[in-house]
Visitor: 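Mind having a look at this structure? Questions to follow.
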Amino acid sequence: MGQLQQMTGVANPLQISRFLQVYDADAAKKGIELSIGFDFQAYVSITRVTPTKEPTSSSFQPDRSPIKSGDGFWMIGVDKNEEVAVVQAVRLFDLSCSNFAEHLESLKVYYADPTRHAHLHGAYTCTAPSAREITGRVAYHGDAWVRRDYRGQGMPKIMAGVAFGVSLAMWAPDFVCALVARWLVDKGVVTQYGYTHDEAGGLRFVEQSVPSEYSLIWITGEELRSRVERRERSELTSGGTQPLCGAVQEFGAHGRAFAPPACLCPR
């Protein structure tokens, strides 16, 4: 047993599977079937034809910011009519020699080659003090959207739960972070997401003479791991653990198989 604990100390796959099943079941109760994918060309194809969703963030468009295999995933949820009701995406940044503030201000969060967008240099600023302490393996959570008829039903908690669980399973990141409109913090939506920290000044820019500001929200890797472990202890105590039975599905080009618009704003 000691050897097993050592092998799974970073991210216990059984714990994470049970953690994810809770949120998959919650979505199913609302009539939503969740799917996970890794092909971002497919993701953009889906979001492009999703009514009322704004264009996908440059961070998740592979022609602007390529995502290596294993360095990103996306989630969609469809209703009983197979129509998209929720979407979100997460990608991993290696900031071992940088920090999230520098990555934002240099435009590297959005573009693989920021020099092609030199006219934007200096236009984006990050004044949140903690952004310069977010380093290492950083999972960036964004492009979240909830269809209007599913808002106010607790979808943010489900979406964040999936984002947290899959991020922990794939990367065991040092941080998971996002940028959100300030009203989401003020109205308590961020609390539903489950992020433990927030700071104003995460991103500031001016577009068409209109200034905009987004707050930075984040959770540390240690807090994330603790959350998964607490959830499992709670489920075991209440007797609510369910059999492992293909919770979250993968959505790919060949169907399903068991397995700023840039910010986290459920429009």
Side-chain angles (χ1 to χ4, degrees), residues 20 23-24 27 32-78 84-95 100 103-104 107-112 134 137-147 150 155-171 173 175-181 184 189-190 193-195 202-203 214 216-219 224 248-253 256 259-267:
L20 286 169
Y23 296 102
D24 185 54
I32 296 294
E33 181 181 23
L34 300 181
S35 302
I36 297 292
F38 305 95
D39 180 346
F40 278 85
Q41 292 286 4
Y43 177 67
V44 173
S45 296
I46 293 167
T47 58
R48 184 182 294 124
V49 297
T50 299
T52 76
K53 186 191 180 301
E54 295 192 2
T56 293
S57 163
S58 297
S59 299
F60 303 106
Q61 292 195 37
D63 60 330
R64 299 184 181 183
S65 185
I67 300 173
K68 296 178 183 177
S69 177
D71 279 359
F73 67 91
W74 46 265
M75 184 204 85
I76 67 166
V78 298
V84 176
V86 298
V87 306
Q88 65 178 353
V90 184
R91 67 176 300 173
L92 183 70
F93 289 120
D94 179 4
L95 302 183
F100 192 63
H103 216 57
L104 272 174
L107 304 181
K108 291 179 181 178
V109 167
Y110 305 109
Y111 303 107
I134 294 179
R137 297 168 62 81
V138 178
Y140 177 55
H141 180 197
D143 211 48
W145 172 84
V146 178
R147 203 172 67 200
Y150 278 94
M155 290 308 302
K157 180 178 180 181
I158 293 171
M159 296 166 72
V162 174
F164 290 162
V166 178
S167 293
L168 182 59
M170 290 181 66
W171 308 310
F175 296 91
V176 181
C177 68
L179 295 165
V180 299
L184 288 174
V189 177
V190 167
Y193 274 118
Y195 282 92
L203 177 65
Y214 291 86
L216 172 67
I217 59 176
W218 74 95
I219 184 171
L224 177 56
V248 180
Q249 296 178 320
E250 178 180 347
F251 186 97
R256 294 191 181 91
C263 305
L264 190 63
C265 309
R267 296 181 174 87

Visitor: Got L179 and L216 here, is their nearest side-chain heavy-atom distance under 4.5 Å?
Guide: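 A side-chain contact exists here, since the closest heavy-atom pair is under 4.5 Å.
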Visitor: State whether the side chain of R137 and the backbone N or O of F175 hold a donor-acceptor pair below 3.5 Å, judged by distance alone.
Guide: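 No, because the side chain of R137 does not come within donor-acceptor range (under 3.5 Å) of the backbone of F175.
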Visitor: Any chance you could measure D94, atom CG, to K68, atom NZ, to the nearest 0.5 Å?
Guide: 8.5 Å
Visitor: Using the ring centroid of each side chain, check whether F93 and W171 are separated by less than 6.0 Å.
Guide: no
Visitor: Measuring from atom CD of Q88 to atom CE of M159, what distance do you get when rounded to the nearest 0.5 angstrom?
Guide: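 With rounding to 0.5 Å, CD (Q88) is 4.5 Å from CE (M159).
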Visitor: State the OG-CZ distance between S69 and F40, to the nearest 0.5 angstrom.
Guide: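 S69 OG to F40 CZ: 10.5 Å, rounded to 0.5 Å.
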Visitor: Which atom names give the shortest non-hydrogen contact between A144 and Y193, and what distance separates them?
Guide: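 Distance-wise, the nearest heavy atoms are CB-OH, 4.1 Å.
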Visitor: When you compare the side chain of C177 with that of I217, does any pair of heavy atoms fall below 4.5 Å?
Guide: no
Visitor: Under a 4.5 Å cut-off applied to non-hydrogen side-chain atoms, are V90 and M75 in contact?
Guide: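 They are not in side-chain contact.
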Visitor: Apply side-chain contact (heavy atoms from CB on, under 4.5 Å) to I36 and L34, showing your working.
Guide: CA-CA 7 Å; I36 297 292; L34 300 181; over 6 Å; no
Visitor: Taking all atoms of both residues into account, what is the closest heavy-atom pair of L92 and A139, and its distance?
Guide: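 The answer is CD1-N, 4.1 Å.
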Visitor: For R91 and S59, indicate whether the former's side chain and the latter's backbone hold a donor-acceptor pair under 3.5 Å.
Guide: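 Confirmed, R91 side chain pairs with S59 backbone.
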Visitor: Looking only at the side chains, is there a donor atom on one of Y195 and H141 sitting less than 3.5 Å from an acceptor on the other?
Guide: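 H141 and Y195 do have a side-chain donor-acceptor pair below 3.5 Å.
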Visitor: Any donor-acceptor pair under 3.5 Å linking the side chain of D143 with the backbone of T56?
Guide: no
Visitor: Take Y23 and K157 through the side-chain contact (heavy atoms from CB on, under 4.5 Å) test and state the conclusion after the steps.
Guide: CA-CA 8 Å; Y23 296 102; K157 180 178 180 181; 4.2 Å; yes
Visitor: Does a side-chain heavy-atom distance below 4.5 Å link V84 with I46?
Guide: yes
Visitor: As an exercise, state the distance from CG of L104 to CZ of F100, rounded to the nearest 0.5 Å.
Guide: 4.0 Å
Visitor: Got a second to check how far I219's CD1 is from L224's CG, nearest 0.5 Å?
Guide: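 The distance works out to 5.0 Å.
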Visitor: Please answer whether the main-chain N or O of D39 pairs with a side-chain N or O of W74 as donor and acceptor at a distance below 3.5 Å.
Guide: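 Flag set: sc W74 to bb D39 pair under 3.5 Å.
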Visitor: Quick check: do W218 and V176 have side-chain heavy atoms less than 4.5 Å from each other?
Guide: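 When only atoms from C-beta onward are counted, V176 and W218 do not touch, as no gap falls below 4.5 Å.
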Visitor: Measure across G72 and M170 and return the closest heavy-atom pair with its distance rounded to 0.1 Å.
Guide: O-CE, 4.2 Å
Visitor: Which heavy atom in P66 sits nearest to a heavy atom in A112, and how many Å separate them?
Guide: CD-CB, 3.5 Å
Visitor: Ring centroids only, cut at 6.0 angstrom: are F38 and Y43 within range, meaning strictly under it?
Guide: no
Visitor: Taking all non-hydrogen atoms of both residues into account, name the closest pair between L95 and I134 and its distance.
Guide: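 Where L95 meets I134 most closely, the heavy atoms are CD1-O, 4.1 Å.
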Visitor: Are the side chains of T47 and F60 in contact, using a 4.5 Å heavy-atom criterion?
Guide: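 Result no, sub-4.5 Å side-chain heavy-atom pair not found.
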Visitor: Which heavy-atom pair separates G77 from I32 by the least distance, and what is that distance?
Guide: CA-CG2, 3.7 Å
Visitor: Would you call S65 and Y111 a side-chain contact if the rule is heavy atoms closer than 4.5 Å?
Guide: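 Sidechains of Y111 and S65: no contact.
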Visitor: Contact between V190 and V180 at the side-chain level, heavy atoms closer than 4.5 Å - yes or no?
Guide: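 Yes, their side chains come closer than 4.5 Å.
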